Protein chains: 2
Amino acid sequence: MRIGELSGQTGVKVVTIRFYETQGLLPPPRRTASGQREYTPADVARLRFLRHAGELGFPLSGVRELLGLADAPGTDCDAVHAVAARHLEEVDSRIRRLQAMRRVLKRAVSACEARVVARCPVVETLSDHAYCGEEHALTSRR
Amino acid sequence: MRIGELSGQTGVKVVTIRFYETQGLLPPPRRTASGQREYTPADVARLRFLRHAGELGFPLSGVRELLGLADAPGTDCDAVHAVAARHLEEVDSRIRRLQAMRRVLKRAVSACEARVVARCPVVETLSDHAYCGEEHALTSRR
DNA sequence: GCTTGTCTCTATAGTAACTATAGGATGCAG
DNA sequence: CTGCATCCTATAGTTACTATAGAGACAAGC
């Protein structure tokens, strides 16, 4: 099948498929005489794996590891588990950081709606250095 | 004060301060005869505002808007509220997406630990096209 | 006056994970 | 055979910075 068909079957955009190829996540397929890529059902499976991993937020480096492990004869479940567990921790940490942001933000936005104060609570929150007390919850972002 | 001092007082790295200047978030300061930047206490306040907004996850475009509104004579609280409320929704949405990821991920990782199945649950989760049923919860990332 | 060390300057490139665009070539239906 | 969808490569843009190179500036000590 050609790249458009592969894209349709997997839900991965054509440009992204080519991008995955440059990143070594998808093996370079055979080409027709005119240079067009020709894929097999095995590529569909691999690309679906890629997509699912992407949807679960694995970074491409992690996906690469997972693919390597899944490809190896007799999957090393421990190694796979380690990659996934590490990513789960990362997701947890991102959630915690976002929730900390959310609390501060929600408080300011709500105060704004309540209209009980003279000065804009959002601007105050951002301007006030005392707010830095919240800083502990809002550790380095990313 | 020079840029290093400003950096120390605000916790924003020197390179980041210069970056904010190129992005129009911090006005270009006066320069000494030799070309070094000279800042005032007003710059400290503005940079702290910038840092707080950054910690709350506002995109630079949002920070730009907020700064513009905060600078205007007589803060337009409604406009500020709109920017903040929009960002709050964005944060909420990111949290929801991450939590959906987390559920799927947690299930696979736990199954892995329980060791009740023959094949690696993480690899299964990623390979199984039936998993696409979860797709609704895991909408387009980013 | 000279050296040493820290700070500052500009400009460029790299990060993640794609997306967008330009400018052509190919494949297929009518 | 013409038109349109699809395909090709290569390059640049996105976000919010960080890293690096190579050079100039400032303060202290000798």
Side-chain angles (χ1 to χ4, degrees), chain A residues 1-26 28-39 43 47 50-67 87 90-91 94 97-98 101 138-142, chain B residues 1-26 28-39 43 47 50-67 87 90-91 94 97-98 101 138-142:
Chain A
M1 81 193 71
R2 287 193 294 159
I3 200 168
E5 171 72 12
L6 178 63
S7 171
Q9 284 198 24
T10 58
V12 179
K13 288 183 189 149
V14 168
V15 279
T16 307
I17 294 173
R18 287 196 283 249
F19 169 72
Y20 284 159
E21 187 182 321
T22 70
Q23 300 309 109
L25 292 167
L26 207 56
R30 273 190 308 138
R31 301 284 189 126
T32 64
S34 63
Q36 302 206 339
R37 292 170 176 82
E38 273 189 324
Y39 293 99
D43 293 313
L47 198 45
L50 232 40
R51 182 162 81 89
H52 294 155
E55 280 167 353
L56 287 175
F58 280 96
L60 291 195
S61 58
V63 180
R64 219 185 313 271
E65 281 185 80
L66 289 173
L67 277 171
H87 178 53
E90 168 65 24
V91 169
R94 273 193 243 167
R97 266 177 288 144
L98 283 170
M101 281 181 197
L138 301 167
T139 48
S140 68
R141 50 185 179 142
R142 169 172 319 233
Chain B
M1 81 192 71
R2 288 192 293 162
I3 201 169
E5 172 72 13
L6 179 63
S7 171
Q9 283 198 25
T10 58
V12 178
K13 289 183 190 150
V14 167
V15 279
T16 307
I17 294 173
R18 287 197 282 249
F19 169 72
Y20 284 158
E21 187 181 321
T22 69
Q23 300 309 109
L25 293 167
L26 207 54
R30 274 192 307 140
R31 300 283 189 128
T32 64
S34 63
Q36 302 203 339
R37 292 170 177 82
E38 273 190 323
Y39 294 98
D43 294 313
L47 198 46
L50 233 40
R51 181 161 79 90
H52 294 155
E55 280 166 353
L56 288 176
F58 281 96
L60 291 195
S61 58
V63 179
R64 221 185 311 272
E65 280 185 80
L66 289 173
L67 276 171
H87 178 53
E90 168 66 23
V91 169
R94 272 193 246 166
R97 267 177 287 144
L98 283 171
M101 283 182 196
L138 301 168
T139 48
S140 70
R141 49 183 177 143
R142 172 172 316 240

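In what follows, chains are A, B, ... by sequence order, proteins preceding strands, each numbered from 1. Remember, predicted model here, so these are calculated numbers, not experimental data.
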For this session: Walk me through it: do A:L56 and A:H52 pass the test side chain to side chain contact (heavy atoms under 4.5 Å, CB included)?
Result: CA-CA 6 Å; A:L56 287 175; A:H52 294 155; 5.6 Å; no
For this session: Verify side chain to side chain contact (heavy atoms under 4.5 Å, CB included) between A:R94 and B:R94, making sure each step is shown before the conclusion.
Result: CA-CA 10 Å; A:R94 273 193 243 167; B:R94 272 193 246 166; over 6 Å; no
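- Atom CZ of A:R31 is separated from atom C1' of D:dT9 by 9 Å (rounded to the nearest Å).
- Nucleotide C:dT19 holds its P atom 13 Å from the CZ atom of A:R18, rounded to whole Å.
- Among the candidates B:R37, B:E38, B:E21, the single residue satisfying the side-chain contact (heavy atoms from CB on, under 4.5 Å) test with B:I3 is B:R37.
- Atoms CG (B:L47) and P (D:dC17) sit 11 Å apart, rounded to a whole Å.
- Note: A:R97 CZ to B:L98 CG = 10.0 Å, rounded to the nearest 0.5 Å.
- Closest to the side chain of B:P59, from the set D:dA16, C:dC9, D:dC8, is D:dA16.
- Rounded to an integer number of Å, the gap from B:F58 CZ to D:dC17 C1' is 19 Å.
- The distance from the CZ atom of B:F58 to the CD atom of B:E90 is 11.5 Å, given to the nearest 0.5 Å.
- Contact of the A:F19 side chain with the A:L60 side chain is registered, since non-hydrogen atoms from C-beta on lie closer than 4.5 Å.
- Contact check of residues 3-13 of chain A against DNA chain D (heavy atom, cut-off under 4.0 Å) returns A:I3, A:G4.
- Contact annotation: B:T16 side-chain N/O to D:dT18 OP1/OP2 distance is under 4.0 Å.
- B:E21 places its CD atom 12 Å from the P atom of C:dA11, with the value rounded to the nearest Å.
- Here D:dT15 presents its C1' atom at 12 Å from OH of B:Y20, a figure rounded to the nearest Å.
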Strictly under 3.5 Å: I want the nitrogen or oxygen pairs between protein and nucleotides 23-28 of chain D, one per line.
from	atom 1	to	atom 2	distance (Å)
D:dA25	O3'	B:S34	OG	3.2
D:dC26	OP1	B:S34	OG	2.8

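- The side chain of A:R37 lies closest to D:dT9 when the candidates are C:dC18, D:dT9, C:dT8.
- Here D:dT15 presents its P atom at 13 Å from CD of B:E90, a figure rounded to the nearest Å.
- More than 12 non-hydrogen atoms from other residues, nucleotides or ligands lie less than 6.0 angstrom from CZ of B:R31.
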For this session: Kindly indicate, with the supporting measurements, whether the criterion side chain to side chain contact (heavy atoms under 4.5 Å, CB included) is fulfilled by A:Y20 and A:T16.
Result: CA-CA 6 Å; A:Y20 284 159; A:T16 307; 3.7 Å; yes
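- Between A:F19 atom CZ and D:dA12 atom P there is a gap of 17 Å when expressed in whole angstrom units.
- Using a 4.5 Å cut-off on side-chain heavy atoms (C-beta onward), A:R51 and A:L47 make no contact.
- Between B:V12 and B:L50, the closest side-chain pair of non-hydrogen atoms is not below 4.5 Å.
- At its two ends the helix from C:dG1-D:dC30 to C:dG30-D:dC1 runs along axes set 20° apart, each axis drawn from five pairs and the angle rounded to 10°.
- Taking CD of B:Q9 as the start and CG of B:D43 as the end, the distance is 11.0 Å to the nearest 0.5 Å.
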